[in-house]
Amino acid sequence: MKREDVDRFEKLVGQLSGIYDEMSVLSKKSPSDATNMFKLRFINTLLAQSNDLLSEHYKPFKDFTEFNIDDVPQNSDVVLILSQYLQCFEKLRADNVTVKLGQWYWAVKADKHEQGAEKGFVYLKTVMPKRLRE
Amino acid sequence: MTDTSAVLIRPRLTDYYGVSQPQSKLNFAIPFFAEDSPLYVDPFLLWKSPSQQDQALHTSVINSFNHLNHLLKRGKSTEARDILVLASECEEIGLGHSRTKKGIRIGPSKAAEILALFNDIPEYSKNGFRHFEEIQLYVADISKDRVSDLCCSFIKSFLIDYTLQECQELGIPVEQTTVKSLYSYRDNRFLLNQQLVLPVNPITKAPIILVPKRWLRFNPWISYDEYFKDYCPRDEIFKPGEPEDHVKVLTYNRDHYGVVQSYVATKIRTQADCHNDPLFAQIPVLSAKRRLQSLQQLPTGKENNADRHYEDHLVTLLASLLYPDLDFAAEQSRTVSGTLIRDLIFYNNRSIDFLQEIYQDYDSRQLVFELKNVAKVDGGHINQLNRYLETGFGRFGVVVTRNRLPQAMFRNTIDLWSGQRRCVIALADEDLNLMVNLFESRQRPPIDVVKKKYLEFRRACPS
């Protein structure tokens, strides 16, 4: 992970979580209703960016890249997929963070001559991975 | 003109000439070739219209009608009667309840009865009519289609110009034809057998004139039925226990001009509520949900007429769910090998990309939805629809049934595509459920579900 990857990660996870929350509310109300095209277009944009960042290794499903608008995806389908992506993002974070004196940090590759670098890594503050058992 | 070898069920002007606009997108009521549309031109809508053009047309109708009074006063009662008889039918318009598109003019005696109003009622003699549809309240057997025809006859010249303009915009071909009578506003008389250029019925070669949708209602705003039901002072007209004879009401009205005028004044006061009626009205969401619920609770098969109920629910449901993307054409029944088969026919308006593809790739100018209340669709059902498509419906059909196609039947439809390039897709209860959900939430048009099923089918076809 590089510094800009962490930036992308945080932006994407923030956006996906926001949409996930919105869609969960809709899905609870009417799970079998179709998601409208306006929402789907933005969700697909986020999924495309997510696929790029997660790469094949972290992607939730090999044969899923985005929603086909013509397949009339339903609210519950969208929620399921978004939750899978959020889980995979968390896995990516868990694999790239470290704990130092009880505080969790991203360990990102340092740019050349970057100040504060230790053994080629820079540490950026983050929170504990959600699924980690203490 | 498109290929006319294919049979069209309930052919309309636009579909016949390959114009792909749905009714909802057009300004005029699309005329049927074989029957009238059950709507009428309401002169009151012209009067209350904010458009100066519509108001002016109403004025010209009233002027033309009141000119008959002028003729009477100059002793030209025969001329007045002949004009009224000619004006009483306007069959080029195709509105009303005739199944044959052939209307009948009023007789000379009925015309004389109408004209007598100018002599019998001093206010009309002096000032003429302001709303000529009031004649319904004085003369028996003057119905809403007669009012509509009288109105259209007096503004036929304008309607011809309107028709030509619409045809030019849409590319509907026109040809030389004879209009039997055309009112000349300058001469205040009818010109007979006028040679004009108009769209025609391809079989009978009868001229067709279009009418703007904004003037159409199922019932005129000033209507005898409503007057009789809600406004007429029955206790004054009929003795207690006396049968309510309509002629007695008409006679009463002739002697009580004030009563009629107070009814008309009420209608003018409430004109804000007078709107044109839509040519097709979707059922409300609640009703769609109830129908779906009842449909899903029905058993499969024919027990207790379950198949009839299933089909009845689907007719209303699908016609509403697919509007405005598909205009409903007709519900059909046919018997094949002793089995009654019901299907629904929709005009393919090509309003969305999927329908355009169906039109281009499968030559479907109309879409057939065959209704099957069976637990499991079998090869016989698929073949039945396939054979029916051969009669001129193109190569695309939909089976509406209770459950998804079994895998073997789905393969059967794929084979049909591989061998004959025919496309048969199935809509099951779960798809109808999704369509009704979409109908309720308005998140997407319900026809997207049909498109989805089609794309699923196409993905399964060998490339």
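Since this is a predicted model, take the numbers as computed values, not measurements. Order of the sequence lines fixes the chain letters, A, B, ..., with proteins taken first and strands second; residue numbering starts at 1 for each chain.
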Which of residues 10-29 of chain A have a heavy atom under 4.5 Å from any heavy atom of chain B? none
Mind checking what makes side chain to side chain donor-acceptor pair (under 3.5 Å) contact with A/N44, not counting sequence neighbours? none
Go through B/K451 and A/D70 one step at a time and tell me if the side chain to side chain contact (heavy atoms under 4.5 Å, CB included) criterion holds. CA-CA 7 Å; B/K451 179 180 177 183; A/D70 291 334; 3.1 Å; yes
Rounded to the nearest 0.5 Å, what separation is found between the NZ atom of A/K39 and the CD atom of B/Q443? 4.5 Å
Indicate the atoms forming the closest heavy-atom contact of B/R444 with A/L40, along with that distance. NH1-CD1, 3.7 Å
Under 4.5 Å from a heavy atom of chain B, the part of A/S30 involved: neither
Can you tell me if NZ on B/K376 sees more than 12 non-hydrogen neighbours from other groups inside 6.0 Å? no
Tell me which one of B/K453, B/R459, B/K452 satisfies salt bridge (charged side-chain N to carboxylate O under 4.0 Å, His left out) with A/D71. B/R459
Pair B/D448-A/M37, side chain to side chain contact (heavy atoms under 4.5 Å, CB included): steps then yes or no: CA-CA 11 Å; B/D448 277 0; A/M37 306 244 236; 4.2 Å; yes
Atom CG of B/L455 and atom CG of A/N68: how far apart are they, to the nearest 0.5 Å? 7.0 Å
Any residue of residues 415-440 of chain B which, by heavy atoms, sits under 4.5 Å from chain A: B/L434, B/N437, B/L438
Near B/R404 CZ, under 6.0 Å, is it more than 12 heavy atoms from other residues, nucleotides or ligands? no
Chain A contact residues among residues 298-321 of chain B, heavy-atom distance under 4.5 Å: none
